[in-house]
Amino acid sequence: MYSGVPPQLVVTDLTLSFGGLNALSNVSLEIEPGSITSIIGPNGAGKTSLLNCISGFYRANSGSIKFEGHELVGASPHQISKLGVARAFQNIELFSGLSVLDNLMLARHSHLKYSFWEALLFYGRSQKQEIKNREYVEQIIDFMELEPVRKAVVGELAYGVRKRVEMARALTLGPRLLLLDEPMAGMTLGEKEDIVRFILDIKAERGTTVVLIEHDLGVVMDISDQVYVLDFGQRIAGGPPELVAQNPAVIEAYVGEEAVL
Amino acid sequence: MAVNRWIQSGNYRRNYKEDQTIFATFSEQASLVVLIILLFLVPYAPFMSRSLFRLFDLVLIYTVAVMGLNIVTGFAGQISIGHAAFMGVGAYAAATITRDLAVPLLGFADAVPFWYVLLLLPVSGLIAATAGAFVGLPSFRLKHLYLAIATLAFQIIFTWSVGHTPWLKQGGSIRVPRVEFFGEIIRGSSAIGPFFYYFGLVVVIVMALAFRNLLRSKFGRALVAVRDNDRAADAMGINPGATKVMAFAIGGFYAGVAGALLAFYNGSVIVESFSLAISIDFLAMAIIGGLGTLVGSLIGPVFLQFLDPWVEQLADLVQWVMPSTIDVGTAMRPSVFGIIIVLFLIFEPRGLANWWRLLRQYFKRWPFKF
Amino acid sequence: MKLYIRLFFSLVVFALLGLGLAQQEIVFGWSGAVTGPTSDAGRFVLQAIDDYCRYANEEQLIPGYTVNCITRDDQYNNDNTLRNFEAYLDEGMVAFIGYSTGGTLQLKVNALEEEIPVIGSSLHIGVIDPPDNDFMFLPISSYSEQVLALLEWIADNYQGEGAPKVAIISHPSAFGRAPVEDARNAAELLGVEIVEVQETGEGLDYTAMLQRWSAAGVQYVIGQNVQSPIAAMLNAAQALGLKDSMTFMGAHYTGGETLTNLAGDAAEGFLWATSYYLESEGTPGMVLQREIGERYGRSEETITDTNYTTGLLQAAIYVEVARRAAAAGEVSSQSIYEALMSMNGVNAFDSGFGVGPVSFGEGDRVGVDAMRLIQVQDGEWQPITEPYNSRTFPQVHPLN
Amino acid sequence: MTFFLQLIVTGVAVGSIYALAALGFVLIYKSSRVINFAQGELIAIGAFITYGLTVWAGLNIWLSLAIAIGLMYLLGQGIERVFLRPMIGEPIISVIMVTIALASVLSGLVYFTPFGTLTARFPSYLPDTPLRFGGIVLRWEHLVGILLTVIFISVLLWFFTRSTLGIAMRAVADDQMASLSVGVSIEKVFALAWAAAAMSATAAGFVVGSLYGLELAGLIAIGLRVFPVVILGGLDSIAGAIVGGITIGILEQLASGYLDQYVPGGGTGEVFPFVILIVLLLFKPYGLFGTKEIERV
């Protein structure tokens with residue numbers, strides 16, 4: 001919009017309802033490639049629902065979501081993930097019986113190009129592909145500083161670490177758009193700083209677009225290029241953080257939180 | 001080489017390729033080789049009798065089927081209560097192809113050559129895999145409990161349909177020719193016992209290798225991912241429905257191969273060999289062996305097949321103190337079967353495979369205690 | 001050195017002794033359902049086999065030999081039957097007694113390869129049909145012949161207009177389906193119309209079936225099944241008031257005391273084809289049956305059950321052939337087989353359990369060839385014919 | 001037309017037996033998400049206890065039934081205590097397998113008694129001549145089945161809407177975690193569900209025994225027929241169990257009434273419900289009344 005680059009993700013008039021109750025009504029937004037966009041709003045505002053629509057877990061009743069020209073409404077999560085949209089869940093959804101390494105290797109599923117029959121032999125292409133993708137996974141492990149727990153079973157890790165694995169796994173998909181649902185929730189200050197650093201690095205080093213749902217408005221205002229505010233399923237504001245912070249509708253929705261802004 | 005890989009007790013792999021290998025140490029690899037050699041020597045043991053051969057042979061055949069069930073239930077997390085029916089599909093495929101196509105077209109006299117059997121095993125497997133995929137189809141929409149009932153329905157429909165199809169002799173016995181192995185027709189239990197022991201053992205080893213390779217590939221990981229958390233798997237670009245259908249197809253393939261093997265082993269196919277009770281036996285074997293492990297599908301069938309004669313002997317002892325109107329063996333068989341499953345589920349849900357793991361760990365660390 | 005020689009000789013002596021002892025024992029094997037499907041019949045057969053073997057030893061029916069009958073439950077599971085069969089081979093079995101239809105059919109090839117004679121409780125005609133039938137024998141006439149005899153009775157006794165209309169209720173297994181094809185062919189010869197063949201195992205309600213048959217004008221119902229579904233059908237027929245317009249009948253495993261106990265009044269008039277005497281008749285064989293049963297403390301229910309007779313007859317046939325084989329030389333599966341195959345003409349064996357002598361030979365693999373029709377009259381089973389053979393059976397299903 | 005009506009009437013009667021058998025199954029699933037593969041064994045044991053009390057202890061048959069239902073209440077509680085309680089929180093595969101093992105143990109226990117090989121029927125306690133409405137016949141045993149179903153449903157309805165424990169059960173069915181946090185004992189609720197299942201199974205076994213005689217294999221087989229019923233009605237719906245039971249009963253009768261003649265060997269009634277089941281699973285997976293689970297991520 002501002003820079004003249006065509007937006008990477010365009011959400012138009014998105015409406016989602018459960019049994020007559022509107023979780024989202026006519027939400028529209030645009031996200032530029034390589035930016036960090038935050039979605040904020042009170043609890044129950046429809047933030048996670050929006051992410052669920054983008055990543056295909058919910059099917060919107062009307063409206064459209066265009067990612068790099070592909071329509072996402074009606075596509076299933078695995079199709080969307082193959083288009084280059086990755087997602088980290090708010091409530092950790094890891095494969096708890098598997099090791100960190102296997103969790104991340106799973107994210108390379110669609111990048112591993114070998115057939116079922118080659119898998120049975122496990123020789124030649126399948127082996128080479130596994131090694132190549134393993135190298136990729138190791139890069140992510142380095143990047144997210146997970147080396148010490150590489151082979152640990154996920155279920156046995158501390159909450160903060162699991163949250164980080166969740167993010168690492170989404171990143172391992174090699175996405176062009178990364179959706180993070182409250183990646184810092186329930187974390188200590190030190191852990192939060194790490195995550196913020198990771199998010200900034202993701203943008204800087206990998207050029208990945210990041211969409212972030214976060215309650216810590218301080219963080220949001222610091223790192224976001226753009227902020228959208230949802231309330232009762234409606235978009236009430238959107239734009240650069242400094243503008244949004246002064247929007248009267250936002251201030252009304254966040255009564256008592258002005259001090260933070 | 002800095003570390004002696006024969007006696008190392010930890011993980012010292014230096015590149016990713018080494019990390020993919022199945023065995024942590026050479027000594028483990030060596031002990032497996034020794035075990036396989038021992039297994040090949042079993043027929044020479046002085047205690048081998050015809051009935052023991054039959055037990056071993058059935059164990060090997062059932063092991064193939066249980067590996068398949070373990071893929072469906074242990075790895076993909078879908079309960080299948082109709083696994084014996086898939087085995088039946090394979091057995092009937094082998095029997096009818098031989099009877100209606102091979103014998104009239106290829107003109108086998110009173111036995112089929114070994115190469116034909118080798119060819120027919122995967123063919124029967126593929127036919128059973130098709131049936132498996134078909135039964136797995138509802139998994140595009142369903143979660144596991146409902147799917148379990150669908151497999152039960154398949155079992156019942158299979159039995160009924162065979163019973164109503166004159167082409168399949170309505171469930172009566174269909175004769176399958178004996179196997180000719182390099183000019184010699186394998187007939188009579190003293191020849192069939194050892195022959196199918198070796199044949200079965202080789203099939204089990206080949207199928208287990210394929211199983212193991214599959215598990216360390218992306219397909220194996222996808223199965224486990226779908227079992228652990230199918231929503232997250234979905235977000236990782238794995239199609240959960242397709243993965244479950246694939247699991248059913250692979251499971252069906254293994255069952256089909258086992259069925260064809262059984263058909264040639266028995267020299268006939270009859271619908272009672274593929275009943276609901278057998279399906280439940282398979283589930284019990286997979287669970288007692290250890291769901292979600294390869295070793296489990298190898299140990300489970302041994303344990304349950306040998307449990308049977310053991311209970312019989314125990315029953316003979318108990319019979320002395322019981323009133324003669326009650327047949328103790330009769331009553332003990334289902335009771336012991338059930339109680340053992342319950343005990344395993346409550347106290348060792350990871351099955352015998354876990355004991356195996358602990359044992360292995362013990363030897364790996366030996367002589368240190370920890 | 002001396003020690004070694006002594007050891008060697010004692011080993012030889014022991015071995016010879018062992019061999020000698022083994023020769024003194026004749027091993028018969030039985031495998032059948034004591035649990036699972038059809039166990040209600042199987043347990044009586046097992047008791048009878050055990051009892052007759054004890055009786056044979058106590059009475060020294062085979063001088064110089066003891067009989068060892070190994071009996072094991074196979075839960076109606078063929079895998080178990082085959083395993084038992086091979087376990088008995090290890091024990092030196094010379095002849096086998098089978099039970100279930102499936103297990104016996106599957107055993108044919110094994111019996112042939114091991115050259116072990118097999119007598120089964122299943123009267124499926126396929127057991128003695130070629131191929132692989134060389135070592136297979138039926139103790140009494142087949143289901144096919146029994147059903148054909150019933151069809152003949154219908155053709156002979158029918159007095160109405162047109163062709164008599166018959167429905168068959170069969171068990172959903174190879175056992176139930178055994179006589180269907182022969183029955184269809186015979187019906188054509190006899191001018192009887194088979195309206196429908198219905199398979200029912202644990203079907204819950206017979207109302208629809210009976211009413212449909214009633215609407216189709218069925219006058220006769222032939223059962224090839226076990227007692228409990230037949231009893232439930234008879235009860236339903238009585239409740240529907242169809243007992244007057246339909247005559248119910250059945251092959252060997254439909255009848256007996258169990259049926260009258262289960263069906264009560266509804267069993268009245270039921271017609272049953274079998275080759276066994278009834279315990280209540282008090283013929284010499286039945287006196288023996290009671291004597292054996294009482295000697296080994298069997299219940300009244302056991303002693304009066306036809307399946308008990310089945311087991312006694314099977315064991316008696318083998319003990320008799322073993323006696324003959326022993327008299328002629330050594331007892332082996334070969335000599336047992338030869339004794340069985342020469343059990344005809346003057347050598348036929350009158351066991352007393354069946355209504356005719358047991359005869360086997362080339363082209364005759366059915367023991368007691370004759371059968372009778374028995375009817376429930378005032379709550380009691382009463383024979384209504386003399387022993388005879390089906391006249392259409394040889395035409396419909398020529399044996400060898 | 002009479003034929004058709006007769007099929008419907010018989011179907012309703014047979015279906016109410018299925019409904020009785022399915023009731024307990026649904027209660028267990030509703031409260032604890034466990035699929036009970038031992039329902040057939042419960043049916044058999046209930047029927048055998050009633051038989052033992054009537055024939056061997058010489059009690060009045062209705063009194064026997066009442067006592068048997070009482071005893072089965074205890075058995076149901078006991079089963080939950082011994083077999084199911086250790087499994088709370090375990091993966092669902094394990095819990096299902098426990099019920100399969102339970103089925104095996106129960107039938108083994110029956111074999112330790114003379115009932116294992118029994119073939120018998122209840123002494124006749126109802127008029128021999130059936131009820132007639134025009135050309136349509138209804139057997140007294142069928143009527144008893146329908147009445148018992150009505151009684152069980154009414155008691156359950158009363159229980160769920162009025163008693164505290166019933167409301168607790170409903171709460172547990174809705175949300176285990178939430179009810180745990182407000183102090184509802186889920187163990188108690190699970191035990192009650194099993195007890196209720198055992199009781200309704202007894203009633204079903206009683207009717208089956210009266211109609212078709214008592215035989216272990218036959219009684220156990222009724223347990224399998226519950227599956228199409230609950231899939232049709234929805235695994236977690238009591239109303240569904242009733243409607244499903246009666247629908248399957250009618251469809252079974254119609255199948256054997258109109259389809260059997262076209263199938264060699266007939267017997268379509270036995271397999272038809274399972275074919276319906278597969279079709280339903282493909283097109284209406286949550287049954288007529290079952291609740292569709294909405295997944296929250």
Side-chain angles (χ1 to χ4, degrees), chain B residues 73-74 77-79 81 135 137-138 140-150 152-157 159-161 163-166 170 227 230-232 235 276 280 283-284 286-287 291 322 325-328 330-347 349, chain D residues 29 33-35 37-38 82-83 86-87 90-98 100-114 116-117 224 227-228 230-231 235 263-268 270-278 280-287 290 293 295-297:
Chain B
T73 304
Q78 310 299 310
I79 302 175
I81 316 174
V135 175
L137 273 186
F140 276 107
R141 297 191 57 181
L142 288 173
K143 294 283 162 180
H144 46 253
L145 289 187
Y146 285 88
L147 206 58
I149 299 177
L152 173 73
F154 173 68
Q155 170 79 55
I156 288 167
I157 294 172
T159 313
W160 189 91
S161 310
H164 283 78
T165 313
Q170 297 201 305
R227 175 192 70 191
D230 61 352
R231 293 183 301 273
L276 180 61
I280 288 176
L283 262 181
I287 285 179
L291 282 175
M322 295 289 286
T325 48
I326 290 162
D327 188 67
V328 179
T330 297
M332 272 181 67
R333 233 192 288 230
S335 319
V336 170
F337 175 79
I339 287 170
I340 282 184
I341 298 175
V342 171
L343 289 179
F344 265 99
L345 286 170
I346 295 179
F347 296 108
Chain D
Y29 183 82
R33 302 284 139 183
V34 173
I35 287 190
F37 278 95
V82 176
F83 289 91
M87 303 306 296
E90 293 289 326
I92 204 76
I93 296 184
S94 310
V95 188
I96 289 180
M97 202 56 212
V98 159
I100 291 178
L102 171 69
S104 189
V105 172
L106 288 179
S107 63
L109 289 181
V110 172
Y111 278 120
F112 271 112
T113 70
T117 44
L224 278 185
F227 288 98
V230 292
I231 289 294
L235 274 173
V263 179
T268 46
E270 290 183 27
V271 77
F272 195 54
F274 288 94
V275 176
I276 299 175
L277 187 158
I278 292 265
L280 267 172
L281 283 177
L282 283 170
F283 296 105
K284 195 154 176 39
Y286 297 95
E293 290 163 31
E295 295 205 46
R296 299 178 61 86
V297 194

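Being a predicted model, the structure only gives us computed values, none of them experimental. Order of the sequence lines sets the chain letters (A, B, ...), proteins ahead of strands, with each chain counted from 1.
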For chain D, the option from B:Thr165, B:Ile346, B:Val135, B:Leu291 that forms the most heavy-atom pairs under 4.5 Å
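Heavy-atom pair counts peak at B:Ile346.
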
Which value, rounded to the nearest 0.5 Å, describes the distance between [X] atom [atom1] and [Y] atom [atom2]?
{"X": "D:Ser94", "Y": "B:Ile79", "atom1": "OG", "atom2": "CD1", "answer": "8.5 Å"}
{"X": "D:Glu90", "Y": "B:Leu345", "atom1": "CD", "atom2": "CG", "answer": "8.5 Å"}
{"X": "D:Phe227", "Y": "B:Ile156", "atom1": "CZ", "atom2": "CD1", "answer": "8.5 Å"}
{"X": "B:Ile149", "Y": "D:Leu224", "atom1": "CD1", "atom2": "CG", "answer": "11.0 Å"}
{"X": "D:Met97", "Y": "B:Ile81", "atom1": "CE", "atom2": "CD1", "answer": "9.0 Å"}

With a 4.5 angstrom heavy-atom cut-off, is it the side chain or the backbone of [X] that approaches chain D, or both, or neither?
{"X": "B:Leu276", "answer": "side chain"}
{"X": "B:Ala235", "answer": "neither"}
{"X": "B:Thr73", "answer": "both"}

Under the rule for ring-ring contact (aromatic ring centres under 6.0 Å, His included), what residues qualify as partners of B:Phe154, not counting sequence neighbours?
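For B:Phe154, the residues satisfying ring-ring contact (aromatic ring centres under 6.0 Å, His included) (neighbours in sequence not counted) are B:Phe86.
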
Would you check if [X] and [Y] make a side-chain contact, meaning some heavy-atom pair closer than 4.5 Å?
{"X": "D:Ile100", "Y": "B:Leu283", "result": "yes"}
{"X": "D:Leu102", "Y": "B:Val342", "result": "no"}
{"X": "D:Tyr111", "Y": "B:Met332", "result": "no"}

Which bit of [X] is near chain B, if near means a heavy-atom gap under 4.5 Å: side chain, backbone, both or neither?
{"X": "D:Leu277", "result": "side chain"}
{"X": "D:Met87", "result": "side chain"}
{"X": "D:Leu235", "result": "both"}

Heavy-atom pair with the smallest gap, counting every atom of [X] and [Y]:
{"X": "D:Ser104", "Y": "B:Pro334", "value": "OG-O, 2.8 Å"}
{"X": "D:Val105", "Y": "B:Ile339", "value": "CG2-N, 3.5 Å"}
{"X": "B:Ser335", "Y": "D:Gly108", "value": "OG-CA, 3.2 Å"}
{"X": "B:Ala150", "Y": "D:Ile278", "value": "O-CD1, 3.8 Å"}

Using the test side-chain hydrogen bond (donor to acceptor under 3.5 Å, both in side chains), find all partners of B:Arg227 that sit at least two apart in sequence or belong to another chain.
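With neighbours one apart ignored, the set is empty.
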
